[in-house]
Amino acid sequence: MLLIDCPYCGPRPEVEFRCGGEAHIARPAQPADMDDKAWAEFLFIRSNPKGVHAERWIHQHGCQRWFNALRDTYTDAFIETYEMGTKPSRLPDGRTTR
Amino acid sequence: MRRFSFAALLAEAANAHQGWGRQWRNPEPKRSYDIVVVGAGGHGLATAYYLASVHGITNVAVLEKGWLGGGNTGRNTTIIRSNYLYDESAGIYEHAVKLWEGLSQELNYNVMFSQRGVMMLAHNQHDVQSLKRHIYANRLNGVDNEWLTPEQAKDFCPPLNISPDLRYPVIGAALQRRGGVARHDAVAWGYARAADARGVDIIQNCEVTGLRRGPNGAISGVETTRGFIGARRVGVVAAGHTSVIMSMADVRMPIESYPLQALVSEPVKPVFPCVVMSNAVHAYISQSDKGELVIGAGTDQYTSYSQQGGLHITTHTLDAILELFPQFSRMRMLRNWGGIVDVTPDRSPIIGKTPIEGLYVNCGWGTGGFKATPGSGHVFAHTLATGEPHKINAPFTLDRFYTGRLIDEAAAAAVAH
Ligand SMILES: Cc1cc2nc3c(=O)[nH]c(=O)nc-3n(C[C@H](O)[C@H](O)[C@H](O)COP(=O)(O)OP(=O)(O)OC[C@H]3O[C@@H](n4cnc5c(N)ncnc54)[C@H](O)[C@@H]3O)c2cc1C
Ligand SMILES: [Zn+2]
């Protein structure tokens, strides 16, 4: 079980959280203008890197607030958490931090 | 290849079993091949075998970054069944079950395929409706599946607790009698031996690190930790690592990789005659021929390549197992482990072309692809040999995520397998 550092409550066990998947996938502003390729990208295509990944979490059984996190998917170590609507201090380039 | 037979066994018995020898070569990679398969799991090895045996294409290499069968093939709980909901799925999984039925003979290798029956439990009205819908759909597709009352379920699987006092009582079950289990390692080894005997090079400790393309954009070979290896066609069969390999050619995939766990108990005498699965409480269990209870847990909630999942995921499954089979509460668990499974949005595999000429992919089997191993290899070999899909894998395109023609087995496979 992961120990996750909620930016609002501090380190808490993983079971208090839900993972919301890859971060920074913006809901289309003009859905009617989207073609099939754009819809597929939005709905289905994911980066799925082996290395640094940007993802969303919600502290469901705590403060109930969403936040973003950078996590290394090879070591499962959290690198940083940051507020919704902001960008991380480094790019999730998929390279492992190991 | 030295054939296994009763006579060979007798001869070796007299020889203190000193003469069996190695079952496949350990060749150096050639500079190029007609076809390179990336990943020596069951699916990759089966692909190579059918390329050689059905299509006569033997200038083939299977490249494996670790040891053959060391991925999900060697980590899964070996449940085999074909009672999927949609026609396309019934088509491919039933194709596989038919091949399983003759596989030990075909490969001259005992894969210990045992059709002991797979029983899926219903605990609520929704389960009943969904399982019955599956049964009717399966029958239309010629796939066996039948409804059992709780008493019939207990007759079939005496250890099952059907007491109405359970938190989630068993109110019925669907049984596929032709379903069962097979020995996972033997499947990899049997295909490896038979492919090797036909001239396929299986190259272990050879990680693919790049996909090279020619001036026309088509694939020309793969970069590996053992140098460049040329190929006219490349088939990527790398399960949880598919996104990583495809990203080497800038192809983005509709896949996420999650840890999936399993565990086994200490071995005991035969106590468990079949396979039991429950979607609602999330549990699946069988007993290996060695005597261990084989128990499958769920996936973690986050993507990972760490090959280990959270302990709370396994304990959750054990809670469910002990509700259904309280007599196992004193058993000790020997080992648990994880594999990285490649999950697609519609829980169906992707088998076919990619946007890059000469590059083909067979992936997205997620939590339940062991059962498909022979069928998957068979149709993917056809795809690699002819450049076009077999009619059985034609619906399982990468393109379906762009056209919207999904094969939505998510409900059917809400639990792994
Ligand atoms: C715990 C668990 C339980 C499961 N239970 C069941 C079940 O009961 N029934 C069922 O049907 N399915 C089950 N599955 C799913 C099943 O195991 C898989 O779908 C199936 O084995 C996939 O086979 P494969 O040959 O495609 O993959 P793998 O066996 O994983 O083979 C892929 C190979 O590719 C290699 N590879 C990766 N990257 C590279 C690279 N860059 N270069 C070279 N080689 C590379 C890997 O090392 C690996 O050996 C389970 C899976 C797990 C993890
Ligand atoms: Zn919080």
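Residue numbers start from 1 in every chain, and the chains themselves are labelled A, B, ... in the order their sequence lines are given, proteins ahead of strands.
- Of the possible polar contacts, none joining the Q301(B) side chain to the V15(A) backbone as a donor-acceptor pair under 3.5 Å is found.
- At most 12 non-hydrogen atoms from other residues, nucleotides or ligands lie less than 6.0 angstrom from CD of E83(A).
- Within a 6.0 Å sphere centred on CD of Q204(B), heavy atoms belonging to other residues, nucleotides or ligands number more than 12.
- Remark: Y168(B) OH is loosely packed, at most 12 non-hydrogen atoms of other residues, nucleotides or ligands lying under 6.0 Å away.
- Using non-hydrogen atoms only and a strict 4.5 Å limit, the part of residues 248-256 of chain B facing chain A consists of R252(B), M253(B), P254(B), I255(B), E256(B).
- Neither the backbone nor the side chain of L43(A) comes within contact range of chain B; no heavy atom of the residue lies under 4.5 Å from a heavy atom of that chain.
- Applying the side-chain contact (heavy atoms from CB on, under 4.5 Å) criterion to I313(B), with sequence neighbours excluded, gives Q261(B), A297(B), D300(B).
- Taking all atoms of both residues into account, the shortest heavy-atom contact from K50(A) to K65(B) is NZ-NZ, 4.5 Å.
- The line from CD1 of I4(A) to OH of Y302(B) is 8.0 Å long, rounded to the nearest 0.5 Å.
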Working for side chain to side chain contact (heavy atoms under 4.5 Å, CB included), residues Y305(B) and N48(A): CA-CA 10 Å; Y305(B) 290 82; N48(A) 196 26; 3.4 Å; yes
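- Interface check for chain A: of the options G240(B), G310(B), S257(B), the most heavy-atom pairs under 4.5 Å are formed by S257(B).
- Here side-chain hydrogen bond (donor to acceptor under 3.5 Å, both in side chains) pairs that include residues 54-64 of chain A, with residues two or more places apart or in two chains, are E16(A)-H59(A), H53(A)-E55(A), E55(A)-W57(A), E55(A)-R71(A).
- Using a 4.5 Å cut-off between heavy atoms, S247(B) makes no contact with chain A at all.
- Separating the CH2 atom in W39(A) from the OG1 atom in T403(B) is a distance of 15.5 Å, to the nearest 0.5 Å.
- At a 4.5 Å heavy-atom cutoff, the contact between L406(B) and chain A is made by side-chain atoms alone.
- Across all their heavy atoms, S47(A) and S243(B) have their closest contact at O-CB, 4.4 Å.
- With sequence neighbours left out, Y82(A) forms a ring-ring contact (aromatic ring centres under 6.0 Å, His included) with H24(A).
- Counting heavy atoms of neighbouring residues, nucleotides and ligands inside a 6.0 Å radius, atom CZ of R226(B) exceeds 12 of them.
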